[in-house]
*Asks:* 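The structure is given below, and queries will be raised subsequently.
Letters go in sequence order (proteins before strands), and every chain restarts at 1.
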Amino acid sequence: MARTGKTTSASSAELRRTLLAWYRTHARDLPWRRTSDPYAIWVSEVMLQQTQVATVIPYFERWMRRFPTVTALARSRTDDVLHAWQGLGYYSRARGLLEGARMVERELGGRIPGDVATLRRLPGVGPYTAGAIASIAHGTRAAIVDGNVERVLCRLDGARGDPRKQPLKAELWRRAEALVPARGASTFNQALMELGAMVCTPKAPGCERCPWQGPCVARASSRQAELPEVAQRARPSALHTVAALVERRGHWLVKQVPAGALRWAGLWSFPHAEIAAREAPARALGRALGTPVTQVEHLRTLQHSITRFRITLDVYRCSPRARPDGRYVTPTQLQALAMPAAHRRIADDLTSVGRAPVPARAKTRSRP
DNA sequence: TACACGTGGAT
DNA sequence: TATCCAAGTGT
């Protein structure tokens with residue numbers, strides 16, 4: 001590994017020893033650390049992909065109650081699985097977990113594999129997750145490199161370059177592999193991530209509390225803030241959308257996002273469409289419904305953002321001229337559907353009050 | 001490789 | 001308020 005600092009590098013044995021000593025007294029008590037059930041570890045690792053620990057905890061606990069075993073999950077329906085995932089985002093993770101559970105039941109005798117190569121066959125299990133399940137659930141000597149490990153190792157070694165790209169990416173994996181002990185890979189890997197999460201944080205790292213402050217090249221050269229050299233992400237672009245609230249005899253109109261859709265596949269939402277800069281809302285609403293609307297009343301505006309869009313969502317109560325696309329459901333049924341977060345907010349509004357929310361302002365013009 | 005995927009917490 | 005970004009993976 002390229003080192004630019006003059007600090008003498010510590011041996012792997014010394015790094016392990018000091019890290020594990022630190023971890024013994026600083027490990028957080030997390031739900032998935034109270035079990036060695038490979039299924040639970042698998043669920044937690046998938047939930048934790050790009051998602052903060054605090055967000056995951058309640059989802060994990062609910063999930064384990066609802067789908068306690070891989071067998072239980074394998075026998076569940078996509079709708080229920082997505083509902084349990086509702087609000088967590090990256091919904092392909094939930095579908096992958098379900099597919100993977102069925103694969104485990106069908107092809108792997110109901111047992112979650114302990115080796116990286118077999119784990120990689122499961123949908124949604126990439127290099128990180130395979131290493132995590134292998135090591136944490138089975139004690140297999142497997143390396144992991146996640147965002148935490150990446151940051152810790154880049155700083156430790158003073159590594160230049162983008163850790164998400166070659167060649168540094170491969171170098172970090174080799175470094176992690178050299179560091180994992182033959183025995184105790186589970187604890188070691190968790191300790192390494194914990195260090196990144198609790199001490200070697202992206203901003204304002206707690207170097208004075210760090211067990212690796214001695215050998216750390218970044219600290220020695222005061223470059224903690226510059227490392228790792230992650231590429232800055234693209235600015236999210238603005239997007240304006242409208243959603244149609246259509247009520248008929250106490251039922252609300254919803255649509256299911258097609259299974260093959262890129263986003264929100266299989267989830268339910270209120271009919272919605274993108275609206276152009278100077279386009280009349282009624283026109284966009286007509287597009288969302290598949291039929292022109294005769295009356296339009298603005299109810300509220302929501303802001304949300306997804307991956308690369310910052311979305312303004314204007315919600316309108318409206319009346320379609322003809323039979324619109326979609327399905328009418330009762331408020332109770334609405335509760336049971338898996339919806340994207342923004343639409344879930346609208347639905348909860350509807351069901352908690354028992355009626356449509358109060359209009360934000362006076363009625364907007366109606367456009368036949 | 002470069003994007004695309006969701007959401008909410010933290011600063 | 002704006003931006004960053006969190007136990008990544010799939011295409």
*Asks:* Rounded to the nearest angstrom, tell me the gap between atom CZ in R310(A) and atom P in dT7(B).
*Replies:*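 Distance check: R310(A) CZ to dT7(B) P gives 14 Å.
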*Asks:* For E45(A) and Y128(A), does a side-chain donor sit closer than 3.5 Å to a side-chain acceptor?
*Replies:* yes
*Asks:* We want to know whether Q335(A) and T351(A) form a side-chain donor-acceptor pair, criterion being a heavy-atom distance below 3.5 angstrom.
*Replies:* yes
*Asks:* In whole angstroms, how far is the P atom of dT7(B) from the OH atom of Y90(A)?
*Replies:* 10 Å
*Asks:* Which residues within residues 82-89 of chain A lie with some heavy atom under 4.0 Å of an atom in DNA chain B?
*Replies:* G87(A), L88(A), G89(A)
*Asks:* Tell me whether R248(A) at atom CZ has more than 12 heavy atoms from other residues, nucleotides or ligands lying less than 6.0 Å away.
*Replies:*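 Check passes, neighbour count above 12.
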*Asks:* Decide whether S269(A) and W264(A) meet the rule of one side-chain donor and one side-chain acceptor closer than 3.5 Å.
*Replies:*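 Distance-only check fails for S269(A) and W264(A).
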*Asks:* Mind calculating the distance between CG (L313(A)) and C1' (dT7(B)) to the nearest angstrom?
*Replies:*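 Computing the L313(A):CG to dT7(B):C1' distance gives 15 Å.
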*Asks:* Going by heavy atoms closer than 4.0 Å, what residues in residues 226-235 of chain A are next to DNA chain C?
*Replies:*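 The stretch gives R233(A), R235(A) as the residues lying under 4.0 Å from the strand, ordered by number.
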*Asks:* Expressed as a whole number of angstroms, how long is the span from R345(A):CZ to dG6(B):C1'?
*Replies:*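 Taking atom C1' of dG6(B) as the reference, CZ of R345(A) is at 11 Å.
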*Asks:* Near DNA chain B, which residues from residues 256-272 of chain A have a heavy atom under 4.0 Å away?
*Replies:*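 Result for residues 256-272 of chain A: L262(A), R263(A), W264(A), sorted by number.
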*Asks:* Does anything in residues 44-57 of chain A reach DNA chain B, meaning a heavy atom under 4.0 Å, and if so which residues?
*Replies:* Q50(A), T51(A), Q52(A)
*Asks:* What parts of residues 114-137 of chain A reach DNA chain C, counting only heavy atoms under 4.0 Å away?
*Replies:* P123(A), G124(A), V125(A), G126(A), P127(A), Y128(A), T129(A)
*Asks:* CD1 of I311(A) versus P of dG8(B): gap in Å, rounded?
*Replies:* 12 Å
*Asks:* Do T51(A) and R93(A) get their side chains close enough for a donor-acceptor pair, meaning under 3.5 Å?
*Replies:*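 Note: T51(A) and R93(A) side chains meet the donor-acceptor criterion.
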*Asks:* When you measure from the side chain of R102(A) to the backbone of L73(A), do you find a donor-acceptor pair of N or O atoms at a distance under 3.5 Å?
*Replies:* no
*Asks:* Using a 4.0 Å cut-off to any heavy atom of chain A, which nucleotides of DNA chain C are the first and last in contact, reading 5' to 3'?
*Replies:*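 Reading along DNA chain C, I get dC4(C) to dG10(C).
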*Asks:* In terms of side-chain heavy atoms, does S186(A) have a donor or acceptor partner in Q190(A) at a distance below 3.5 Å?
*Replies:*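 On atom types as modelled, these side chains qualify, holding a pair under 3.5 Å.
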*Asks:* Decide whether V104(A) and I41(A) are clustered together by the hydrophobic rule: side chain heavy atoms of Ile, Leu, Val, Met, Phe, Trp, Tyr closer than 4.5 Å, transitively.
*Replies:*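 No; I41(A) is not reachable from V104(A) via cluster members.
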*Asks:* Give I41(A) one of three labels, base, sugar-phosphate or nothing, depending on what nucleic acid heavy atoms sit under 4.0 Å from its own.
*Replies:*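 The answer is nothing, as I41(A) stays clear of every strand by at least 4.0 Å.
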*Asks:* Starting at the 5' end of DNA chain B and moving along, which residue's nearest nucleotide shows up first, K165(A) or R93(A)?
*Replies:* K165(A)
